[in-house]
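I have a structure I would like to understand better, so I am pasting it below and will then ask my questions one at a time.
Chain letters run A, B, ... following the sequence lines, proteins first and then strands; every chain starts at 1.
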Amino acid sequence: MQRYEPLPIEKKWQEKWDKDGTYVVDFSDHSKPKYYGMSMLPGITGAGIHIGHGRTFQFSDIKVRTKRQQGFNAYNPIGWDSFGLPVENYAIKVGKTPRIAHDEARENFKTQLKRLGYSYDWTKEISTADPQYYKWTQWIFNQLFEHGLAYQKESAQWWCETDQTVLANEQVEGGKCWRCGNQVTKKNLKQWFFKITEYADEILEATDDLNWTEMVKTMQKNWIGKSQGAEVDFQVDGSKDIIKIFTTRPDTLFGATFMVLAPEHQLVSKITTTESKSVVEQYIKQAASKSEIERQENKEKTGVPTGAYAINPVNGEKIPVWIADYVMMGYGTGAIMAVPAHDERDNEFAKKFDIAITRVIDGGQDELHTGEGALINSGQFDGMSSEQAREEIVAWLQQQKLGNEKVQYKMRDWLISRQRYWGAPIPIVYCDKDGAVAVPDDQLPVELPEVDDFKPKGGATSVLADVEDWVNTTCPKCGGPAKRETDTMDGYACSSWYFLRYADPFNEQEAWSPDQIKHWTPVDFYNGADHAVAHLLYARFWMRFFHKLGLVGDSEPFKRMMYNAYIMAPDGRKMSKSLGNVIDPMEIMDSGYGADSLRVYEMFIAPYDMDAPWDTRGVPGTYRFLNRTWNLVQEYLNGDEVNLDENQTAEILKIAHKTTKKVTDDIENDKFNTAVSAMMEAVNGYFKLKESAGIGKNDSWKFAVESLLQILAPFAPHITEELWSQLGHNETIHIDNWPQWDEKYLVSDTITVPVQVNGKVRATLNVSADISEQAVIDQAKAHEKIAPYLGGKELRKAIYVAGRIVNLVVS
RNA sequence: GGGCGAGUGGCGGAAUUGGUAUACGCGUUCGACUUAAAAUCGAAUGUCCAAAAGACGUGCGGGUUCAAGUCCCGCCUCGCCCACCA
């Protein structure tokens, strides 16, 4: 009898699959339904893959493998997120150029992924740093530019001093750089943006209908942060200047007893009175020197009066205008009307600086009432509900041309300029005559030049600014001298459309063929453990844009998005190099367990959406299971013919059909952990039956063994392929090969019914499945363990839930 | 402060969505095999009690119900995301 030795088996089959092109997809084959599933594009790093990667990739591998076995033309693509800071920083660290460092790291990644046995179509591999790829990223930039969705603007942006580049809002986490974790500051720079805000409402509207992990949908909705409200004009007293404010509570307008401008607000210097000038200037200086973090952490209200007054448009009252850093320049208009009776922050501020508080919503005895209610002290609007008053007051403002309805979003446009070398150049040239001009499509790609020294030099440009023969070019419009844009694109730009390129990776004429894309998209299954906001929002934005251009068939890229959790280190903390608690999947495989045991444990450890600590004993556990499976099949292969009686046959087939159904359903519902336990139970069950029935040649055993291998194949592709071939099959187990279950084997003639007395289980009954309620209750009452509980007591109620339970209520 | 989610054995986690709580795996203990160890196989394993019988038991306190891990009300703890967003 052969022993289970994973390493040689895995090597053998991986080579065979490669040679046979087992997982190569024929795009033109429309005879089968398509299934398109993938995990988020892996970013190249020097470290290679870790346990968490492996688990993430495996979810999509199992989904796609299952569909492939179920008769779909199933495609599991692979590629690399090659541009960006991680690679460039890694290159600096190892003292190589980003290109060389990247290529080496990529080879390493590839070798590692191959060893885990994912069913990728390696013939279609792509990389975002390949000129034939970023040519089309630049082409997309041109499309956006042409449609007014790419523009330049000078404003204060997040700046990371460590990484020497600006960052998008989505890349700043709690005031810190998402890459290096250092605090970011604001820097005033002219930058390129993509106008994602134009799609904010559309994206928001469509979010609820997505079959995505709920948490991601909520995070995206919060990020977009839509608020319905009004914009209101306040005139500065004794001047023509208007202070525009945004409020979600126009119903409280009569309660506005002061106004607050952000210190950076453009009107501040203009309206400040001579007497207040010095104190205002001092405050502005102080606010500017505070980091964003400090401003957020110190919630104690500060501020100074400008000395100016504004007129409340609804009641003509003169109210003071202050500046304070609790008002942010980046949201709304950078100015607010303050209603201290009905807003917590305004209340705190008014109390501290002794400003009048006027109640305009009936909030009972509450001194501060932030909820809704009937209006008071509001002239003609008295008595209205907040809801009604909002409409009426805005209507009145509109009539007086003093305000308007307004929808406000927290989301900002997507900042894509990066002052770093290793990225796709922004395909723009500057000419004195024509300004910013797009490089024509037929001149793409604008190739990233090779440079000797790519390390950022500080300042506000990338090192590309020093590559003179690259920077200096001619203007495509006028032919005169021009200079290239020296910023590169955010790596997220490269990874916002790769799932389209995957389905047409070699197209030299266009980014993709619309016909081919319409067949393959949307992506049926997508998963990852990161980028809940940034990447997934950008991809949705672009997909909608492409859809409007008629280049794709859908406006949403991912039909199902599964956001999976992290594997923690055995100590319960996040795995990280600095903590030295990283688990290396290669080490586990090399120690003799191989890929299959690792794969099965990665699925078995916990539900996909729950963080779980790695247990170093877990892989040996699943190895035991696979080993038992191996032995089961060997016993079947080497066993003689066996004769089974009716009961034994029924029992074997019941396990086989039940497990097939359970595993099929569980994979469909992303319950991979319970699918694995069901298969373990099946193997345990078969070995129990061995004692009474024996294992050997027999039709029932054949179905039991083969169906087990078929449903286990997506989890453990190597051992199942090996055993499948040992069973005499010449074709691979992995294509068009899924067992059917039959409900008729799942029902049995007899069932076990627990009997409760007053809700406590006292006995169990074995009865026939179609027993009548009366009969089962009679049997329950007569049961020797039940009778004592009934003696001398009144039976008040007897309940039988068919097939489940009997409960006798006595008193 | 706001939003979302979660609290079940020594550990990771199951529970047909109101019907035998702790499936499956890890760990532990005992046994078989072995000169021995590893591997493998078998048995036991929620708590209290010497054991049986029994009682108790899903973060805490109440409630609904014949029946609650599951539903309702009130708390506590932990995790994540957002955070002076007007």
Would you indicate what A:Val801 reaches in the nucleic acid, counting non-hydrogen atoms under 4.0 angstrom: base, sugar-phosphate, or nothing?
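The answer is base, as A:Val801 lies within the cut-off (heavy atoms under 4.0 Å) of a base atom.
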
Would you mind classifying the nucleic acid contact of A:Gly621 as base, sugar-phosphate or nothing, using non-hydrogen atoms under 4.0 angstrom?
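Sugar-phosphate, backbone atoms only, no base.
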
Report the nucleotide, chosen from B:rU40, B:rC24, B:rG19, that has the shortest atom-to-atom distance to any side-chain atom of A:Ser677.
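Among B:rU40, B:rC24, B:rG19, the one nearest the side chain of A:Ser677 is B:rC24.
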
Using a cut-off of less than 4.0 Å, is there contact between a side-chain N or O of A:Arg624 and OP1 or OP2 of B:rU40?
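Yes.
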
Does a side-chain N or O of A:Lys352 approach OP1 or OP2 of B:rC84 to a distance below 4.0 Å, or not?
no

Between A:Leu808 and A:Arg762, just flag the one whose closest nucleotide in RNA chain B comes earlier from the 5' side.
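Its nearest nucleotide being more 5', the pick is A:Arg762.
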
Considering every strand and a 4.0 Å limit on heavy-atom distances, what is the contact class for A:Asn758: base, sugar-phosphate, or nothing?
nothing

Quick one: is B:rG54 close enough that its OP1 or OP2 comes under 4.0 Å of any side-chain N or O from A:Tyr789?
yes

Is A:Arg628 close enough to B:rC41 that one of its side-chain N or O atoms is under 4.0 Å from OP1 or OP2 there?
yes

Would you mind reading off the distance between A:Asp325 atom CG and B:rA83 atom P, rounded to a whole angstrom?
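Roughly 17 Å, once rounded to whole Å.
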
Where along nucleotides 1-14 of chain B does protein come under 4.0 Å, by heavy atom, of base (B) or sugar-phosphate alone (S), with - for untouched nucleotides?
-----------BSS

Over all strands shown, is A:Lys760 touching base, sugar-phosphate only, or nothing at heavy-atom distances under 4.0 angstrom?
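Sugar-phosphate contact only.
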
